[in-house]
2 protein chains.
Amino acid sequence: MTTRWLTPEEQRAWRAYIAASHLLEDAIDRQLQQEAGMPHVYYSILANLSEAPDRRLRMTDLAERTKITRSRLTYAVTRLEKDGAVRREGCPSDKRGSTAVLTDEGMTLLERTAPGHVDTVRAALFDRLTPEQVGQLEEICASVARGLEGDDTQAPPDDVPWLRRSPGPCT
Amino acid sequence: MTTRWLTPEEQRAWRAYIAASHLLEDAIDRQLQQEAGMPHVYYSILANLSEAPDRRLRMTDLAERTKITRSRLTYAVTRLEKDGAVRREGCPSDKRGSTAVLTDEGMTLLERTAPGHVDTVRAALFDRLTPEQVGQLEEICASVARGLEGDDTQAPPDDVPWLRRSPGPCT
DNA sequence: TAAGTTTGCTTCAAACTTGAACCAAGCGCG
DNA sequence: CGCGCTTGGTTCAAGTTTGAAGCAAACTTA
């Protein structure tokens with residue numbers, strides 16, 4: 001089968017996407033590096049931990065939520081541990097396992113820096129979109145993510161209690 | 001002013017976006033690393049050169065188009081030069097300047113690997129979206145990019161002759 | 001025309017990411 | 001049990017990215 005090239009519309013969308021995602025990640029990384037002294041991924045790790053029950057998560061679980069590789073996570077957690085934002089604990093039930101725990105210090109850091117981060121995300125993204133566009137973006141991204149995640153068919157969990165409370169440093 | 005947190009809709013959109021963009025970049029990077037032996041950014045550099053008149057672009061210009069920093073580009077071009085895909089040429093009119101030129105070898109590499117790349121982009125993204133969604137995605141991303149680019153007000157150039165011909169390794 | 005500034009690009013060290021290799025610890029089963 | 005296989009995590013070397021600093025050519029202006 002000969003290649004189905006991108007249509008002009010698709011090309012425009014693709015180029016726009018590449019540009020936007022680079023610019024957005026750069027802006028967010030810069031801002032967080034300034035205010036929190038860490039790149040966006042690291043911040044996300046803390047944010048994910050802060051939402052987990054008991055502020056703790058197994059490494060693999062955390063890697064899946066943040067969509068990063070386990071080895072990347074190992075490195076990141078080691079760094080965050082040095083910073084005092086995270087602590088590692090062994091898993092009693094499975095001695096291979098290791099659990100990352102958000103420390104109080106980490107939580108404080110998160111609370112201190114969340115407002116600035118949200119402001120940045122707002123300024124760069126949401127304040128520029130109509131409510132319909134926000135919905136469209138979610139649809140599109142969810143669809144793509146579903147396609148790229150291992151199992152294309154599993155529905156997302158729609159009742160995660162500790163995710164229900166709305167405001168928080170959850171970005 | 002107290003922080004305007006993200007609304008639940010915005011949070012969902014943001015999470016979906018983070019997930020999708022990570023997964024997408026990873027998938028594309030993996031595929032291109034396999035087939036072309038280089039990450040996506042490097043491929044984009046080649047693709048951008050291939051579309052430029054005479055297949056050559058000043059470093060700064062190239063950096064702007066690909067949305068990466070100049071130092072990142074310097075590193076990348078050095079590597080691509082070692083691979084033989086790109087050649088550097090001094091700029092006669094401005095002796096500080098340096099121009100990256102896509103070699104025939106680079107062009108061949110691009111032509112050989114473009115189909116696989118497009119397939120990946122299609123499978124991961126466009127084949128999962130309706131035509132309306134493609135349009136929405138473009139709108140959204142263009143809006144975000146406009147906001148993050150230096151000048152918020154300048155219209156995008158809508159007649160770039162060497163961009164008009166549609167199919168090609170332009171991703 | 002000689003400072004002083006800006007622009008174009010590179011360099012450097014430190015931080016980060018990648019993927020493959022590795023090491024236990026759990027698991028399945030003859 | 002005890003042998004293989006899988007799973008959870010880490011490690012290592014090689015590659016990449018970052019941001020600040022550096023360098024030289026071009027511009028500006030007194």
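Protein chains get the first letters and strands the later ones, always in sequence-line order, with residue 1 at the start of each.
When rounded to the nearest whole Å, the span between CD of A:E64 and P of D:dG9 equals 10 Å. Across the protein-nucleic acid pair, A:L32 atom CG and C:dC16 atom C1' stand 16 Å apart, rounded to whole Å. One can place CZ of B:R96 at 8 Å from C1' of D:dC27, the figure rounded to the nearest angstrom. Spacing between atom CZ of A:R70 and atom C1' of C:dA24 amounts to 14 Å, rounded to whole angstrom units. Atom CG of B:D94 and atom P of C:dT7 are 12 Å apart (whole Å). Atom CD of A:E89 and atom P of D:dG9 are 13 Å apart (whole Å). Computed from coordinates, the A:L62 CG to D:dG8 P distance equals 14 Å when rounded to whole Å.
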Pairs: protein N or O with nucleotides 17-19 of chain C N or O, under 3.5 Å:
| from | atom 1 | to | atom 2 | distance (Å) |
| --- | --- | --- | --- | --- |
| C:dT17 | OP1 | A:R72 | NE | 3.0 |
| C:dT17 | OP1 | A:R72 | NH2 | 2.6 |
| C:dT17 | OP2 | A:Y42 | OH | 3.2 |
| C:dG19 | O6 | A:S71 | OG | 3.3 |

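When each of C:dC16, C:dT10, D:dA25 is scored by its nearest atom to the side-chain atoms of A:R79, the top-ranked nucleotide is C:dC16.
With rounding to the nearest 0.5 angstrom, the CZ atom of B:R65 is 12.0 Å from the OG1 atom of B:T60.
B:Y42 is not connected to B:V101 by any chain of hydrophobic side-chain contacts under 4.5 Å among Ile, Leu, Val, Met, Phe, Trp and Tyr, and they are in different clusters.
As judged by a 4.0 angstrom heavy-atom cut-off over every strand, A:T60 is placed among residues touching the sugar-phosphate backbone only.
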